[in-house]
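Small disclaimer: the values here were computed from a predicted structure and weren't measured. Proteins come first, then strands; the chains are lettered A, B, ... in the order of their sequence lines, and each starts at number 1.
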Number of protein chains: 2
Amino acid sequence: MTDNNDADGSFDAALAARICWHYFKEGQTQELIAQQLNLTRKRVNRMLAEARERGLVQITIQRPLGPCSELESRLTKMFELRHAIVVPSPIGNTDVRVLVGAAAGDYISDHLTPGGALGIAWGGTINAAAQNVRRRSGEANRVVLLCGGLAESTSINPYDNASMMARALDARCYYITAPMFAASPELRDLLLASEPVRSVLAMVSKLDLALLSAVDLTDQSRALEYGVITRNDWRSLRAAGAVGDICGHYLDADGNVIEHSLTTRVINPSVKSLQAIPLRVLAAGGASKVAIVRAAIRARLCNALITDESAATALVRS
Amino acid sequence: MTDNNDADGSFDAALAARICWHYFKEGQTQELIAQQLNLTRKRVNRMLAEARERGLVQITIQRPLGPCSELESRLTKMFELRHAIVVPSPIGNTDVRVLVGAAAGDYISDHLTPGGALGIAWGGTINAAAQNVRRRSGEANRVVLLCGGLAESTSINPYDNASMMARALDARCYYITAPMFAASPELRDLLLASEPVRSVLAMVSKLDLALLSAVDLTDQSRALEYGVITRNDWRSLRAAGAVGDICGHYLDADGNVIEHSLTTRVINPSVKSLQAIPLRVLAAGGASKVAIVRAAIRARLCNALITDESAATALVRS
DNA sequence: CCAGTCAAGACACATTTGTGACGATTACGG
DNA sequence: CCGTAATCGTCACAAATGTGTCTTGACTGG
């Protein structure tokens, strides 16, 4: 009856849930909970932390929250978006992606209809979103990963993101079983035409909802850090006018698609198929993402936006 | 743009929301938040507490939580309920009504369709539920209070409960503008037939969902404490075999309606009209409520139950 | 059977949080 | 204009929390 179907064994979700209940709902002290449940306080403390990590406790703040909603409505009008969500920028050294991702997880929970098909990009933001989606079960949802994989598993990995999201939604997950960038244009074409890849990509235009992320090409770009592109590519892409990419489509500041040697090798859903998705949510925050976010909107690759206050402020000033 | 439509002025919801965001989502310390926002730490601390009081932050624990879900399925089968929700019993001296109420608020949020009509009873549990409902707006929901009022405003008051719930749901609220017990049977009949009362009661059988509470007649009964009934009535009701009441309908242990001088003066929806409501959720926890909960189920006054572990355990043992 | 390894408990300590006392400042009614 | 009361900030301290280190003990692979 008690389900411990999670991938890793060493975590008693039922116990954690009970601890969370006593702590968050009942407001008891960790000490007392430990006594009652015959645990050490430290254990309680750690399970509490782990439960929050895993998104076992969901903390929602009643929206709208003041100045942010002002920005939201301005963004919505200005860029003709379906929705805009603006969260406060971090005041500490918190990663803005965790915050925007948390909001994105909420958003997905609210907008993915039961049995719906969700496409996702990858990255720190998406990772945080996956951790913050409200768990579902038995709805036959589907998750489609909108990019190829990365061979060397960095801390953030596309397949990992997708599997986490799928697990949270109790969804079937579809992966593009190919690298993000093929070794050669010829190989790319072969892969695109070959079977597992072709049929997964064909699903894209049928999706109900896409959760997209933005890769920037600023000095802070994580693409370099994660080894997605080389520094040479980074330089030449910038020289070609690119400000970043959405699912491997490199865009200039006006939202035009940039041609580049990389783009002849990328394995990704076409711009058209992405545009066919009714609700295309872009989740990206921080100053470095402003240019690519604006470009993505202009390219009509997104019609809903989740971002933070600082980026939103910059966007409405444009 | 920033809406401060709450009844009491001296609470900056937008600021509180921002503080909550930085604290709960970003995980910053109160000290740092205070610095950044130019507030004192104490102020941050108090606003955090107040925000939680007011249900501005919603904490959800991923269900199902182990042993409780076991009880839930047993209750569901045993009593042929639509749903059963069991929450852990308090381990400290927390009021069980707050915990059961919190779960009830969640339940309402999940099951009241937009634009739906909700009937509610009153009491500590309902009060907690109202504080825990997820805020909605612009859905034209309706809330109908299923009992008359109490003249002297105790800490928990029917009109108060209803108004809080209606405010949370941005709902129109309908009150029975009559006392819970009329001074005489004749006056009761006059009131039932008279206009504002009659039409509100007529709405009852059209409701989508009712959130009911159980009044017990044990030694711990709050009905005495709140001065709803006199000690004499309490004694004679018990003598007549009553174990408690649901919306003013006194029941014996088998769920039969008890006749009593009080019941000739009570102003409430008929049993029939209550039974016509598709989803009738009874929220009540603690040992003292076991008998009346069982009676209510037998009387088919409820087909969904929210309770705590101790009461649930007692119920399945019957 | 014996290290070696790893998880979990005991303990200790620094940080963070909740709360009360006290004084300053402001609003308000006479 | 003054006194009163209420509010808010400052300080201080106790409680609760997060995080190390060290130790115990169980399991593992020779």
Side-chain angles (χ1 to χ4, degrees), chain A residues 2 4 6-61 66 88 90-95 98-99 102 128 131, chain B residues 4 6-59 61 66 88 90-95 98-99 102 128 131:
Chain A
T2 54
N4 277 348
D6 261 52
D8 82 301
S10 68
F11 180 71
D12 187 342
L15 177 60
R18 178 170 294 260
I19 291 172
C20 286
W21 177 271
H22 289 306
Y23 187 72
F24 289 110
K25 293 281 186 174
E26 192 181 342
Q28 291 302 331
T29 152
Q30 300 181 0
E31 185 72 51
L32 184 67
I33 297 170
Q35 280 173 24
Q36 297 290 329
L37 270 53
N38 264 320
L39 302 165
T40 60
R41 186 175 67 80
K42 176 151 196 174
R43 205 163 149 62
V44 171
N45 189 302
R46 255 184 314 137
M47 296 205 77
L48 239 18
E50 194 164 1
R52 281 185 75 166
E53 294 267 312
R54 288 168 182 261
L56 213 141
V57 288
Q58 221 87 40
I59 300 183
T60 327
I61 291 151
I91 60 180
N93 52 2
T94 321
D95 191 336
V98 174
L99 302 176
Q131 288 186 343
Chain B
N4 278 349
D6 263 52
D8 82 302
S10 68
F11 180 70
D12 187 342
L15 177 60
R18 178 169 293 260
I19 291 172
C20 287
W21 177 272
H22 289 306
Y23 187 72
F24 290 109
K25 292 282 188 175
E26 193 181 342
Q28 291 302 333
T29 154
Q30 300 181 0
E31 185 71 53
L32 184 66
I33 298 170
Q35 281 172 23
Q36 298 289 329
L37 271 53
N38 265 322
L39 301 165
T40 60
R41 186 175 68 82
K42 176 148 198 175
R43 205 164 152 61
V44 171
N45 189 303
R46 255 183 314 134
M47 297 203 78
L48 239 18
E50 194 165 1
R52 281 184 77 164
E53 294 268 310
R54 289 168 181 260
L56 212 141
V57 288
Q58 220 88 38
I59 299 182
I61 291 151
I91 59 180
N93 53 2
T94 321
D95 190 336
V98 174
L99 301 176
Q131 288 185 342

Is a donor-acceptor contact shorter than 3.5 angstrom present between the side chain of R41(B) and the base of dG9(D)?
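Donor-acceptor pair under 3.5 Å: no.
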
Expressed in angstrom and rounded to an integer, what is the separation of [X] atom [atom1] from [N] atom [atom2]?
X      : N       : atom1 : atom2 : value
L48(A) : dA16(D) : CG    : P     : 15 Å
R52(B) : dG18(C) : CZ    : C1'   : 13 Å
L37(A) : dA8(C)  : CG    : C1'   : 17 Å
I33(B) : dT15(C) : CD1   : P     : 18 Å
Q35(B) : dT17(C) : CD    : P     : 12 Å
E53(A) : dG18(D) : CD    : P     : 12 Å
Y23(A) : dA15(D) : OH    : C1'   : 12 Å
R43(B) : dG18(C) : CZ    : C1'   : 17 Å

Donor-acceptor under 3.5 Å (K25(A) side chain, I59(B) main chain)
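Indeed, once roles are kept as given, a pair shorter than 3.5 Å links the two residues.
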
Candidates [options] - which lies nearest the side chain of [X]:
X      : options                   : result
K42(A) : dT21(D), dA21(C), dG18(D) : dT21(D)
N45(A) : dT17(C), dT19(D), dG9(D)  : dT19(D)
T29(B) : dT19(C), dT17(D), dT16(C) : dT16(C)

Looking only at heavy atoms, what is the nearest atom pair of A128(B) and A102(B), with distance?
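Closest approach of A128(B) to A102(B): CB-N, 4.3 Å.
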
Contact summary for Q30(B) and N45(B), nearest pair of heavy atoms
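That closest heavy-atom pairing would be OE1-ND2, 3.1 Å.
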
Between E31(A) and L39(B), just flag the one whose closest nucleotide in DNA chain D comes earlier from the 5' side.
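Its nucleotide being nearer the 5' end, the pick is L39(B).
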
As an exercise, state the distance from CD1 of I33(A) to NE2 of H22(A), rounded to the nearest 0.5 Å.
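With rounding to 0.5 Å, CD1 (I33(A)) is 7.0 Å from NE2 (H22(A)).
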
Salt bridge check: are E50(A) and R54(A) linked by an N-O gap of less than 4.0 Å?
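Yes, charged N to carboxylate O under 4.0 Å.
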
Does dG18(D) have its OP1 or OP2 closer than 4.0 Å to a side-chain nitrogen or oxygen of Q30(A)?
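For Q30(A), the contact criterion (side-chain N or O under 4.0 Å from OP1 or OP2 of dG18(D)) is met.
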
